[in-house]
Structures are given as C-alpha cells and as structure tokens.
A.B. asks: 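One structure follows; several queries about it will come next.
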Amino acid sequence: MSRVEDTRIAVLNELRLLKANRETSISLLDISIPLSAAGFTVADIVDALFQMKLDKDIDLINGDRLRITRDIL
C-alpha cells in the first residue's frame, strides 16, 4: 500500500471519529493534529487530502475546513 493510501485511510478513520457527515464541515486541524502525532507528515496529509479532493470524496472549503461530498465513511 502506498503512503498516500495509508494516509487516506488514517484521514477516513479520523473523520469517522469526528462523526463527519455531508452537512457539517470539519477543521483541518482536527484531522492533522492526531495524524501528525501518529507519525504522518504535513506532506503526507496534504497529498492524501488533495487526492481525496481529486476523487471528489471531499471539498476543501474556506477557513481551513473540509466537507465530505459523498458517502465515503
């Protein structure tokens, strides 16, 4: 498995813990702090988030937040 895929799985796990849904936005800090503590670099997290955006799984929105755009959890 690639580092991007490992990070993507970790992002999804954090979104599950935060009970993310399509109606609410999630602060990127709420995701990045625990992922950094787990050993993921900022570059890992950004790469995974941009890939998820390209896949149309999430939208990156104003205020350093994201919103889920489809059922990915």
Side-chain angles (χ1 to χ4, degrees):
M1 198 175 309
S2 73
R3 187 67 172 172
V4 171
E5 187 60 26
D6 289 342
T7 309
R8 183 181 188 283
I9 291 168
V11 168
L12 290 172
N13 288 336
E14 287 301 318
L15 291 172
R16 282 185 195 99
L17 288 173
L18 295 168
K19 299 187 186 332
N21 60 59
R22 292 182 187 183
E23 288 79 38
T24 60
S25 63
I26 302 293
S27 169
L28 294 178
L29 284 175
D30 291 340
I31 295 169
S32 63
I33 291 172
L35 292 181
S36 293
F40 294 96
T41 67
V42 172
D44 294 333
I45 298 165
V46 169
D47 289 346
L49 290 174
F50 281 146
Q51 185 60 53
M52 292 174 77
K53 181 173 174 39
L54 286 173
D55 293 342
K56 300 190 184 327
D57 294 330
I58 62 169
D59 269 335
L60 299 172
I61 57 177
N62 290 336
D64 295 331
R65 301 183 76 76
L66 68 79
R67 179 172 286 128
I68 296 172
T69 57
R70 62 184 178 152
D71 289 331
I72 56 174
L73 301 179

A.B. asks: Report the distance from atom CD1 of Ile58 to atom CZ of Arg22, rounding to the nearest 0.5 Å.
C.D. replies: 14.0 Å

A.B. asks: For the CG atom on Asn21, are there more than 12 heavy atoms of other groups (residues, nucleotides or ligands in this structure) within a distance under 6.0 Å?
C.D. replies: yes

A.B. asks: Cluster question for you: counting only ILVMFWY and a side-chain heavy-atom cut-off of under 4.5 Å, with indirect links fine, are Leu60 and Leu15 together?
C.D. replies: yes

A.B. asks: Is any side-chain heavy atom of Leu35 closer than 4.5 Å to a side-chain heavy atom of Glu14?
C.D. replies: yes

A.B. asks: Between Thr24 (side chain only) and Ala20 (backbone N and O only), is there a donor and an acceptor less than 3.5 Å apart?
C.D. replies: no

A.B. asks: Taking all non-hydrogen atoms of both residues into account, name the closest pair between Leu66 and Ile61 and its distance.
C.D. replies: N-CG1, 4.1 Å

A.B. asks: Side chains of Gln51 and Asp47: is there a donor and an acceptor less than 3.5 Å apart?
C.D. replies: no

A.B. asks: Rounded to the nearest 0.5 Å, how far does OG of Ser27 lie from CD1 of Ile33?
C.D. replies: 7.5 Å

A.B. asks: Please name the pair of heavy atoms, one in Arg70 and one in Ile68, separated by the smallest distance, quoted to 0.1 Å.
C.D. replies: O-CG2, 2.8 Å

A.B. asks: Between Thr69 and Asp57, is there a donor-acceptor pair closer than 3.5 Å when you use the side chain of the first and the backbone of the second?
C.D. replies: yes

A.B. asks: List the steps and the verdict of salt bridge (charged side-chain N to carboxylate O under 4.0 Å, His left out) for Asp59 and Arg67.
C.D. replies: CA-CA 5 Å; Asp59 269 335; Arg67 179 172 286 128; over 6 Å; no

A.B. asks: Are Val42 and Ile31 linked, directly or through other ILVMFWY residues, by side chains that come within less than 4.5 angstrom of each other?
C.D. replies: yes

A.B. asks: Closest heavy-atom contact between Gly63 and Arg65?
C.D. replies: O-CG, 3.1 Å

A.B. asks: Should Asp44 and Thr41 be marked as a side chain to side chain contact (heavy atoms under 4.5 Å, CB included) after you check the CA-CA gap, both sets of side-chain angles, and the distance that decides it?
C.D. replies: CA-CA 5 Å; Asp44 294 333; Thr41 67; 3.1 Å; yes

A.B. asks: Is Val11 linked to Val46 within one hydrophobic cluster, defined over Ile, Leu, Val, Met, Phe, Trp and Tyr using a side-chain heavy-atom separation of less than 4.5 Å?
C.D. replies: yes

A.B. asks: Indicate if Val4 and Ile45 have the same hydrophobic cluster label, given that clusters are the connected sets of ILVMFWY residues with side-chain heavy-atom separations under 4.5 angstrom.
C.D. replies: no

A.B. asks: Tell me, do Met52 and Asp55 make a side-chain contact under 4.5 Å, heavy atoms counted?
C.D. replies: no

A.B. asks: Examine Phe50 and Ile26 and state if one hydrophobic cluster contains both, with Ile, Leu, Val, Met, Phe, Trp and Tyr joined whenever side-chain heavy atoms are less than 4.5 Å apart.
C.D. replies: yes

